[in-house]
Amino acid sequence: MTHDSQPPNSDSRGKDAPKSGLARYLPLAVIGVAAVLGAVFLKDVFSFQALAENRQALIAFRDANYLISVLLFIAVYVAIVGFSLPGATIATLTGGFLFGTFPGALFNITAATVGAAAIFMAARWGLGERLAAKMDAGEGAVKKIKEGIDENQWSMLFLIRLVPAVPFFVANLVPALVGVPLSRFIISTFLGIIPGGVVYTSVGAGLGEVFARGETPNLGIIFEPAILLPILGLCALAALPIVIKAVRGQKGL
């Protein structure tokens, strides 16, 4: 009887609780540490100057090992995005420089989507599920915000991808914190980054001439009217369902 009075597995429960808590935040912690170390030690590694200095070696390696070059490039790009390392823009330019606008854009967009999914999963594992549950259980303004996001998830996801002013890292975190499904996040990310990805990949595809002139590429091209206006048009199209729902709600339709 004395043995039965003791709570079963009390020691294991005491050990598992803190371990599970630490494990939950470990992926985000690893990403945070990698981002800080990358900002300190890799800022000159993934740079336009480094690309210019190593362009001949990169082209020679690509010509001799095309498939390996593609796989290595995608792996490096995924690591850059997944660990929030500096150089995502340079990686996109490199994809265009090495592989052309197509299939370079496909490689860039695929790698960026996989890296974004890694951050999304880390954030949802660490904070997202609990925060989304608290928002669902909340009341007042917090609950209304969560309900508004849930009702317009596709539109909101496409908007944060299409608007150039939204940082890529923020666009990866916010959906995880409000309970967006992984499949929906991946689809909206892949499709939403196509316009910007194609633009920067095409800039990279023209780097040969830029290098020959000793110049640097115009990375502000995405803000030029010929590029920006169509993207803003896509933003307006993505926002249209939200506007229609708001108008219907006000009119009681």
| task | With sequence neighbours excluded, give me every ring pair (Phe, Tyr, Trp, His ring centres under 6.0 Å) pair touching residues 90-110. | result | Y66-F99, F73-F99, F97-F211, F99-F107

| task | Mark yes when over 12 heavy atoms from residues, nucleotides or ligands other than E53 sit less than 6.0 Å from its CD; otherwise mark no. | result | yes

| With a 3.5 Å cut-off and no angle check, do the side chains of Y77 and T92 form a donor-acceptor pair? | yes

Roughly how far apart are [X] [atom1] and [Y] [atom2], rounded to 0.5 Å?
X    : Y    : atom1 : atom2 : answer
L240 : S155 : CG    : OG    : 8.0 Å
D63  : L58  : CG    : CG    : 11.0 Å
L159 : W154 : CG    : CH2   : 13.5 Å
L72  : R62  : CG    : CZ    : 14.5 Å
S47  : L42  : OG    : CG    : 10.5 Å
L26  : I31  : CG    : CD1   : 10.0 Å

For residues 174-189, run the donor-acceptor check on the side chains, cut-off 3.5 Å, and write out each pair with its distance to 0.1 Å, sequence neighbours left out.
unit_1: R184; atom_1: NH1; unit_2: Q153; atom_2: OE1; d: 2.9
unit_1: S188; atom_1: OG; unit_2: R184; atom_2: O; d: 2.9
unit_1: S188; atom_1: OG; unit_2: F185; atom_2: O; d: 3.1
unit_1: T189; atom_1: OG1; unit_2: R161; atom_2: NE; d: 3.3
unit_1: T189; atom_1: OG1; unit_2: R161; atom_2: NH2; d: 3.0
unit_1: T189; atom_1: OG1; unit_2: F185; atom_2: O; d: 2.7

Is there side-chain contact between [X] and [Y], with at least one heavy-atom pair below 4.5 Å?
X    : Y    : result
T89  : F48  : no
L93  : I90  : yes
P195 : L162 : yes

For residues 109-120, which side-chain donor-acceptor pairs fall under 3.5 Å, sequence neighbours excluded?
unit_1: T110; atom_1: OG1; unit_2: L106; atom_2: O; d: 2.8
unit_1: T113; atom_1: OG1; unit_2: I109; atom_2: O; d: 2.7

Same apolar cluster: [X] and [Y], side chain cutoff 4.5 Å:
X    : Y   : answer
L207 : F61 : no
L51  : I59 : yes
V45  : L85 : yes

| request: Using the test salt bridge (charged side-chain N to carboxylate O under 4.0 Å, His left out), find all partners of E215 that sit at least two apart in sequence or belong to another chain. | output: R213

| said: Test of understanding: with side-chain contact (heavy atoms from CB on, under 4.5 Å), list the residues that count as partners of V76, not counting sequence neighbours. | reply: F46, I80

| note | side-chain contact (heavy atoms from CB on, under 4.5 Å) filter on A39, not counting sequence neighbours, yields none

| message | Looking at G197, is its backbone amide N or carbonyl O close enough to the side chain of N108 to form a donor-acceptor pair, meaning the two atoms are under 3.5 Å apart? | response | no

| field | Expected output: side-chain S202 to main-chain V199 donor-acceptor under 3.5 Å | value | yes

| Looking only at heavy atoms, what is the nearest atom pair of T201 and G100, with distance? | CG2-O, 3.7 Å

| For the residue pair V210 and P217, what are the closest heavy atoms and their distance? | CG1-N, 3.9 Å

| task | Decide yes or no on side-chain contact (heavy atoms from CB on, under 4.5 Å) for L228 and I222, but give the supporting numbers first. | result | CA-CA 6 Å; L228 183 60; I222 201 167; 5.8 Å; no

